[in-house]
Amino acid sequence: RHGVPVLAVARTAESLETLAQHSPLIATCVADLTQCEQLDGLASQWLTRCPDIGMLINNAGVQHDLRVDDAHYSTQNMRAEVELNLLAPMVLTRALLPHLQARQSAQVVNIGSVLGGTPKATAAVYSATKGGLALFSQALRVQLHGSSVRVVHAVMPLVDTPMTQGRGRGKLSPQAAAQALVRGLLAGHSDIAIGKARAAVLLQRWAPGLLRRLLRRSQ
């Protein structure tokens with residue numbers, strides 16, 4: 001809606017076809033971002049198709065709502081969370097960074113979670129990956145200080161997506177979450193807390209014990 005072309009990436013063509021109907025500015029790419037050894041080649045393909053890429057939004061994620069000691073929580077589940085939530089953003093950032101640094105202005109946007117600062121029992125690995133993504137964002141800022149690339153870390157509350165189906169109450173719609181993110185980006189913010197995450201960020205700073213108790217009650 002702001003006239004910026006978007007290259008949307010997802011695992012299934014069906015979801016991308018539905019998305020592309022919203023605007024002729026949306027191009028699509030079917031890819032499995034857990035295949036991290038293929039991401040360098042994938043990034044090269046993106047730059048061939050869209051040589052003016054000026055922003056990378058690392059948004060894909062998966063959470064298995066299980067305790068680590070749950071018999072159904074497998075090594076494969078753990079690997080999927082780590083690869084998609086943490087390794088893929090790091091690899092894609094590295095792959096696109098030379099291109100982004102050559103631009104007058106560029107951004108890397110990492111989509112985090114409240115759980116990255118205050119974990120819950122049924123999302124230990126997910127929480128660890130989001131905590132790692134927050135630290136990766138901080139480290140990138142140190143590395144890229146003085147460059148043309150701005151690193152943005154956005155903290156999301158519980159958003160109403162297929163991943164969160166049947167979990168929690170008062171979830172934020174994906175549309176509202178996206179609109180809040182765009183407002184923060186247009187305002188030039190590097191740290192963006194969205195919806196209920198704004199209160200959670202304050203509690204993490206000033207009353208972490210209270211936030212931990214609130215999260216325990218929600219499980």
Side-chain angles (χ1 to χ4, degrees), residues 1-66 72-93 95-96 107-113 115 122-123 125-126 129-130 133 152 154-183 185 194-195 197:
R1 291 174 183 171
H2 290 276
V4 179
V6 173
L7 175 61
V9 183
R11 287 173 295 175
T12 63
E14 183 179 2
S15 60
L16 289 170
E17 289 168 1
T18 301
L19 180 65
Q21 292 174 6
H22 290 281
S23 171
L25 290 174
I26 299 175
T28 63
C29 173
V30 177
D32 181 357
L33 298 184
T34 64
Q35 304 300 310
C36 292
E37 68 281 356
Q38 300 177 15
L39 296 186
D40 285 293
L42 187 64
S44 295
Q45 293 175 27
W46 295 346
L47 291 173
T48 299
R49 289 180 60 187
C50 308
D52 293 327
I53 288 175
M55 178 185 295
L56 168 65
I57 302 179
N58 288 309
N59 178 63
V62 62
Q63 179 191 141
H64 297 285
D65 197 32
L66 297 168
H72 297 96
Y73 191 40
S74 67
T75 301
Q76 184 177 1
N77 294 146
M78 288 183 170
R79 180 180 293 115
E81 288 179 296
V82 172
E83 289 182 342
L84 186 56
N85 301 346
L86 183 56
L87 185 57
M90 292 193 293
V91 173
L92 287 173
T93 300
L96 290 173
Q107 297 180 69
V108 174
V109 183
N110 292 323
I111 304 301
S113 167
L115 298 183
T122 55
V125 176
Y126 176 86
T129 62
K130 290 300 184 180
L133 190 63
V152 178
V155 181
M156 290 285 176
L158 194 62
V159 180
D160 191 11
T161 67
M163 187 185 79
T164 65
Q165 188 173 3
R167 306 181 200 171
R169 294 172 294 179
K171 290 183 280 192
L172 189 66
S173 73
Q175 293 81 6
Q179 289 166 4
L181 175 63
V182 170
R183 285 196 300 270
L185 293 173
I194 293 172

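The structure presented is a predicted model; accordingly, all values stated were derived computationally and were not measured. Just so you know, residue 1 is the first one in the sequence shown, and it goes up from there.
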Could you walk me through whether R1 and S23 pass the side chain to side chain contact (heavy atoms under 4.5 Å, CB included) check? CA-CA 8 Å; R1 291 174 183 171; S23 171; over 6 Å; no
Does CD belonging to E37 count more than 12 external heavy atoms closer than 6.0 Å? yes
Go through it in stages, so that I can follow the logic: the residues are K130 and L133, the test is side chain to side chain contact (heavy atoms under 4.5 Å, CB included), and I'd like the CA-CA distance, side-chain angles, deciding distance and then a yes or no. CA-CA 5 Å; K130 290 300 184 180; L133 190 63; 4.2 Å; yes
Heavy atoms of L42 and A31 approach each other most closely as CD2-CB, 3.7 Å
To the nearest 0.5 Å, what is the distance between OG1 (T129) and CD (E81)? 6.5 Å
As a test of understanding, state which of V108, L39, L87, V9 forms a side-chain contact (heavy atoms from CB on, under 4.5 Å) with L92. L39
Any chance you could measure Q21, atom CD, to I26, atom CD1, to the nearest 0.5 Å? 10.0 Å
Scan side-chain atoms only and decide if S15 and T18 contain a donor-acceptor pair under the 3.5 Å cut-off. no
Give me the atom names and distance for the closest heavy-atom approach of V4 to L25. N-CD1, 4.2 Å
Can any side-chain N or O of N85 pair as donor or acceptor with the backbone N or O of V82 at less than 3.5 Å? no
Could you tell me whether a side-chain N or O of R11 sits under 3.5 Å from a main-chain N or O of L33, the two making a donor and an acceptor? no
Stepwise side chain to side chain contact (heavy atoms under 4.5 Å, CB included) test for M55 and L185: CA-CA 11 Å; M55 178 185 295; L185 293 173; 4.2 Å; yes
Locate the shortest heavy-atom distance separating I194 from A177; write the atom from each residue and the value. CD1-O, 3.8 Å
Distance col, row Y73:OH vs H64:NE2, nearest 0.5 angstrom, shows 6.5 Å
Could you check if a side-chain atom of L158 sits within less than 4.5 angstrom of a side-chain atom of L172, using non-hydrogen atoms only? no
So how far is it from N77 CG to S74 OG, rounded to the nearest 0.5 Å? 3.5 Å
Is there side-chain contact between V182 and H2, with at least one heavy-atom pair below 4.5 Å? yes
Taking all atoms of both residues into account, what is the closest heavy-atom pair of C29 and L7, and its distance? CB-CD1, 4.2 Å
To check you understand the geometry: which heavy-atom pair defines the closest contact between E83 and P89, and what is its length? O-CD, 4.5 Å
Testing the basics here: between A43 and L96, what is the closest heavy-atom pair and its distance to 0.1 Å? CB-CD2, 3.9 Å
Got a second to check how far R79's CZ is from C36's SG, nearest 0.5 Å? 11.0 Å
Determine, step by step, whether L56 and N58 satisfy the side chain to side chain contact (heavy atoms under 4.5 Å, CB included) criterion, reporting the C-alpha distance in whole Å, the side-chain angles of both residues, the deciding distance to 0.1 Å, and the verdict. CA-CA 6 Å; L56 168 65; N58 288 309; 3.6 Å; yes
Would you say the side chains of D65 and T122 form a donor-acceptor pair under 3.5 Å? yes
Any chance you could measure Q76, atom CD, to T34, atom OG1, to the nearest 0.5 Å? 9.5 Å
